[in-house]
Amino acid sequence: MATKLIWMRSVTILWFIVGSGLCELPVLHPIHVPKDVEINGTVQVFCNLKKGSLPVEFSWTKDGRHLLREPEIETSTLNERASLLVIKHVTTNDVGNYTCHVENLAGSAKTTASLVFRATMYRDVTILYICQKYNIGPRFPRKTEPNLKLRHWNRDFFLRALEVLCIADVVTSRQPMATERLSFARHLFFACSLFFRLLTVFSGEPPRIQPFTFPLEVELGAQTSVYCGLSKGTRPIDFTWKKNGRALKSVNGKIHILTPDGSTVLEIQRLDSSDIGNYTCIARNYFGEDVFTSSLLLEDSPKIQPFNFPSNLKLGTRVNMHCSLTRGSLPVDFTWKKNEEVLDVPKDMGHLFTHDTFSMLEISSLHASDIGNYSCIAKNYFGEDGYTAPLLVRAPPFWKEQPKDSEAVLGKTTSLHCGIGGYPKPVITWKKAYGTQSKDFLIIRSDYKKKTILDNGTLVISMVEGADEGVYTCGAENGVGEGIQATVRLSVHAPPIVTSIQMRSSAKRGETAVIECEISGEQPFLVSWAKDGTKLTMPSTRYESYEEASGKGVKATLLVSSVERGDQGNYVCNVKNDYGSGKDVTILAVQEPPESPLDVRVVSKNSRSARVTWGSPSSVSAPIKQFVMMYWKNSKVSGKLHEVMLSSTETSTLLRDLQPGSEYTVRLLAENEVGRGDPSDPVTFETKEEEPEAPPVDIEVEPVDSHTLQISWKPPPTDTWNGQLKGYHVGYKVEGLASQLSYETVIKTNLREEKTLLRNLLPSTRYSVSVNAFNNAGDGPPSEELVTSTLNGDPPQPPEVKVKNVSQTSVTVMWSPRIDTQGSVRQYVLEYEDSSQNKNELHAPGTIKEYCIEGLEPGQRYGVRVAAYNRFGRGDFSPSLVVITEGNARVPGYEPVILETPFYFRLYFVVPVVASVTVILCVIILAWACLKKTHYNEGRKAQLYVSYQQRLTYVPPSEVSRDSRAGDAAYDVPWDFSNGGGTMGKERTNYMKLKQGQIYV
């Protein structure tokens, strides 16, 4: 076979080189494998060529492996177009996919089917169980071992068991076994085979036919074959074929019946419609028979033989018409139609008779209404065919459809029907009345534009006008009998015609929009409004509509109150009447202030100018008239608002005259005829810095001691900083020297007044002092130079302080001055401070050296210090001396229990209650008075308007005490104790005036 395939491939190559395209590719019918396969049964698979050029070569494979020489599998070629696969004694090893291959000079084809094993209980399962017991054939998994019971050991089981044991020789040849088991199986085979053959004489099986079918897609003129095989049965077996119950025999060139061993093949050549039918395969043996039937259907659509009605028919006669097939696959359905409508023949007028291959129409008594075109339609599974014949008989004109009065709509197309029958075909004439007499008619002729008369007599009027209204007459004659005519009336009605008064309407945001439309036509009208395809519901809080008569008909009005952006769109005025509908559209535009300009940015900036750019708003309902640029300086005090008007075409501007080193905010808005829109988001920027423009102010220079000067000043005006001040340069030099100033840098603080000390100066020397401010850009102008002299002496040093005595409520403090070479002490100041940082000061003359501080809290901590004055000023305080009074400190929140009067008799409760009651009474009286006044005014039916003028009360400004310049500045103070020392006396008669106009630190 391999040599033959090589030869066929060589011939195929030569064939394609010489005459490619003359050979047809093979096509196979699908193969089928029985579903109820049994153990040890027989399976036969038939492979048949559907079409393709001969010769062909068949081959078989199982799961992709060629089936060449198998002991239990046979393949055979039945004829040049069919092949047969037979599997004997089926076991579970035979389960798989079987493929039939066919090949010719043009190519190859294949078809596949699966063999699936399904064991039956008690019989096939028992066989497998015995095979497992003797290690023959396949084995069950442990979990699926059959649960056999003794009651199932019947005769059939016994015979099947013997059959399995008798084929042990075949099975063991497929699987390796131990030598002793193989010997046992062969001896057992010899012993049981004779017994089994004797049993089969008395216990044979009747035949069982394996189900089969004809190929589905079979064409006329082609060849087909069907295979009838057995799944089981005891030979010998006789096969016979029947078609539609009649015996079928071989016919040369047409029917061939082949009977290979245990099967039969029916082959039919040159198929035609006569081969359609039911084919039955009958298998018989000594023990019984089996029968299986399959139907053969051909792909042949029906074909009707042409027919005609008799020519000389007369009214009242009987008419028969036959519609028969010349070919076509059965079954076939017949349908009759008259003038393209399905024909329904009443029993009193005729009947229809239908057979498998023909249909007959019978009309009992011919009438003029029976004239028409009759169609016979035959239809089967593969297609349909039809034939039409006219039925003609001489008859005078008659009404198939009586004309009726009609109504037309202005501008539309209307039809006046005049359904007239008769043979010969009547000539139909239309007339229209134009006067009051019965003879005042004009013949209507087709002009193919305005009026047209169709072949069926219908008058079609296009674009109906008011002049088309009136009386029309339809008449017909055909020369047979008398003519007929009928008169009808055509009424013309007008549908609504809607015209918007304004195609485009606009309204400002917040106003009321008015949308109007004019309506003409026949009343009454049904008016509705829609916006952008959505119907508006009336009444509504924002929509109102009404209609009123006008010169042209009716005017419909829609009011939209408080319009906003969402109200703009297309408003449709929909109008209906009994004869049609109409509509028109008005576009409403809502004019509103423009949106904010886009992308406002500061693209460049200097110390006194900045350039701002922007984009126009995205949507604008009305043209922009101008842009408004607003900017202001950011400061603790609200800056002045500046507005710059810009044209609508500008997209950038330069802001001038800005303050250097200042922060500004810019906002931009657009303005149209409706108003100003929302401003843009604020944009903040900062100009570059410049040197300060002004020097510090309120500069004061005062001597502190013989080597130190104190300089104080205030910052220059804020609008002259030109940025953020970083600090100050304090310059000084000895007056009269030509040398430059020496400078000390002072970092700026947030105090209202800045101070610094110039140290290490010459005593009793005049110095020139000047101060200037600076920022990141540089130094500002210096102030005018001030000249001040250092002192020729120093204030006294701090005295030495000691505690002399401490009690629960008092502390006695004593001090002694240090050696003072500059002058005697003229005054002392004693300062003490409790734990809550409450300070108290006491002044004493220079002759006092101790003092008793009374009125203190027990167990509290106090700080005490003393400073001395001489003619050069006050010296430094001594170090703070900490003193704790005797006794226990009072626990915060602790109050001793004291029996007192109830709380509701105390002032803190009585006063608020009395005040609340008083207020309530006043409110009630005032309300009563107002109510009386209201009733009085209503009685007079007049309103009284009373204007009140607010009184302005002048309050003289309070006296402001003289600034003492700080706690330690020079001032007039009374002595707190007498010259005699000890505690403070009751008389205060001595005052000491210290150096006024100077500050000492």
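Using a 4.5 Å heavy-atom threshold, the side chains of Ile444 and Tyr472 count as touching. At least one side-chain heavy atom of Asp468 sits under 4.5 Å from a side-chain heavy atom of Lys451.
Counted by atom type alone, Thr473 and Thr487 present one or more donor-acceptor pairs between their side chains at under 3.5 Å.
Other residues, nucleotides and ligands contribute at most 12 non-hydrogen atoms within 6.0 Å of the NZ atom of Lys379.
By the side chain to side chain contact (heavy atoms under 4.5 Å, CB included) test, Asn373 is found to be paired with Asn339, Thr388, Pro390, residues two or more places apart in sequence or in another chain being considered. Every residue two or more places apart in sequence or in another chain that forms a side chain to side chain contact (heavy atoms under 4.5 Å, CB included) with Met645 is listed here: Gln626, Val628, Glu643, Arg676.
The backbone N or O of Glu407 lies less than 3.5 Å from no partner atom in the side chain of Ser491, so there is not a single donor-acceptor pair. Under a 3.5 Å cut-off, the side chain of Glu650 and the backbone N or O of Ser647 do form a donor-acceptor pair. The closest donor-acceptor contact from the side chain of Arg667 to the backbone of Met630 lies at 3.5 Å or more, if one exists at all. A donor-acceptor pair under 3.5 Å links the side-chain atoms of Ser596 to the main chain of Pro679, judged by distance alone. Without hydrogens or angle criteria, His367 side chain to Ser369 main chain gives a donor-acceptor distance under 3.5 Å. With hydrogens and angles ignored, the 3.5 Å screen pairs no side-chain donor or acceptor of Asn672 with any backbone N or O of Lys625. Using a distance-only test at 3.5 Å, with no hydrogens or angles considered, a donor-acceptor pair links the side chain of Asn577 to the main chain of Ala494. Between the side chain of Asn278 and the main chain of Thr293, no donor-acceptor pair closer than 3.5 Å is present.
Screening residues 486-532 for ring-ring contact (aromatic ring centres under 6.0 Å, His included) gives His493-Tyr579 as the qualifying pairs, with residues at least two apart or on separate chains. For the disulfide (SG to SG under 2.5 Å) condition, the pairs that include at least one residue of residues 328-434, sequence neighbours left out, are Cys323-Cys376, Cys418-Cys474. Screening residues 479-539 for disulfide (SG to SG under 2.5 Å) gives Cys517-Cys573 as the qualifying pairs, with residues at least two apart or on separate chains.
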Going by atom type alone, with no hydrogens or angles, which donor-acceptor pairs under 3.5 Å involve a side-chain atom of residues 302-319 and a protein atom two or more places apart or on another chain?
residue: Gln305; atom: OE1; partner: Ser324; partner atom: OG; Å: 3.4
residue: Thr317; atom: OG1; partner: Lys314; partner atom: O; Å: 2.7
residue: Arg318; atom: NH1; partner: Glu362; partner atom: OE2; Å: 2.6

